[in-house]
Amino acid sequence: MFKLIPTVVLAGSFFTAAGYAQTQDSGFYLGGHYGQHKVELESDIADADLKFGVAGVSAGYQLSPFFALEARYAEGIEDEQIFDGNDSAKFEIDRHMALMARGSIPLGERFSIFATGGYGETRYALSYDIPGLTGSETSTEKGLIYGAGAAFNLTERLSLVADYTILPELEDEEDGLFKSDVSLMTVGLNYRF
């Protein structure tokens with residue numbers, strides 16, 4: 001009988017620790033999001049507002065209730081047709097990646113607001129078929145990104161997240177023919193492990 005007591009105590013300790021670990025937040029989270037990537041172009045010839053749909057995933061680690069590190073990857077799912085009729089030009093987002101820090105301010109148990117900052121990289125693709133000119137080009141814009149957003153906890157582990165981010169400008173570096181304002185607005189779900 002006395003030999004059974006250490007086994008029962010050890011087994012009880014194991015199951016208690018396992019149950020406690022399940023209720024604790026590991027800090028890791030995964031998410032999925034849909035967004036609208038907007039490019040406002042200004043040039044000497046004309047101005048244009050281009051809107052692209054993007055869908056992606058995110059992975060992060062919550063270091064504390066106030067600070068997290070996050071990586072994102074998204075691909076374009078809706079492109080922009082620039083010309084109609086026989087002339088065609090398609091402008092699209094090939095991919096978008098970001099590494100950022102997120103500082104949060106909890107406003108109660110369910111709601112928080114946050115600010116983000118980090119590094120982002122977007123690859124654009126342009127294909128065109130107009131009289132006398134057919135081809136395609138890609139360009140990659142990278143640099144500082146920053147933004148703000150809010151999160152609402154639907155359950156203990158699942159949260160609804162929305163944010164707005166300013167991205168690196170798209171510019172004609174050789175001639176300076178145009179400048180742009182580029183932004184990304186996303187809505188998604190995060191699951192904490």
Can you check whether Leu30 reaches Val57 side chain to side chain, under 4.5 Å on heavy atoms?
no
Give the cluster check for Ile113 versus Val161: same hydrophobic cluster or not, with ILVMFWY residues linked at side-chain heavy-atom distances below 4.5 Å.
no
Do Leu50 and Tyr128 belong to the same hydrophobic cluster, where Ile, Leu, Val, Met, Phe, Trp and Tyr are linked whenever their side-chain heavy atoms lie under 4.5 Å apart, directly or via other members?
yes
Any Ser139 side-chain heavy atom under 4.5 Å of Glu141 side chain
yes
Can you measure from CD1 (Ile93) to OH (Tyr124) and round to the nearest 0.5 angstrom?
4.5 Å
side-chain hydrogen bond (donor to acceptor under 3.5 Å, both in side chains) with Glu121: of Arg95, His96, Lys142, only one passes, and it is Arg95
Taking the side chain as every heavy atom from C-beta outward, state whether Leu160 and Leu189 have any pair of such atoms under 4.5 Å apart.
yes
Please enumerate all residues that pass salt bridge (Lys or Arg N to Asp or Glu O under 4.0 Å) together with Lys38, with sequence neighbours excluded.
Glu40
Could you give the distance from OG (Ser104) to CZ (Phe67), rounded to the nearest 0.5 Å?
10.0 Å
Exceeds 12 heavy-atom contacts within 6.0 angstrom, atom CE of Met97
yes
Within a radius of less than 6.0 Å around CD1 of Ile105, do more than 12 heavy atoms belonging to other residues, nucleotides or ligands occur?
no
Please check if Tyr146 and Tyr164 belong to a single hydrophobic cluster, counting links between Ile, Leu, Val, Met, Phe, Trp and Tyr side chain heavy atoms closer than 4.5 Å.
yes
I would like to know whether Leu167 and His37 meet side chain to side chain contact (heavy atoms under 4.5 Å, CB included); could you show each step before the answer?
CA-CA 9 Å; Leu167 301 178; His37 189 115; 3.2 Å; yes
Do side-chain atoms of Asp163 reach the backbone of Gly147 as a donor and acceptor pair under 3.5 angstrom?
no
Give the cluster check for Leu154 versus Val187: same hydrophobic cluster or not, with ILVMFWY residues linked at side-chain heavy-atom distances below 4.5 Å.
yes
Using a 4.5 Å cut-off on heavy atoms from C-beta on, say whether the side chain of Val54 contacts that of Leu184.
yes
Closest heavy-atom pair, Tyr29 versus Ala68, reported as atoms and distance to 0.1 Å, is OH-CB, 4.0 Å
Output yes when a side-chain donor or acceptor of Thr155 lies under 3.5 Å from a complementary backbone atom of Arg157, and no otherwise.
yes
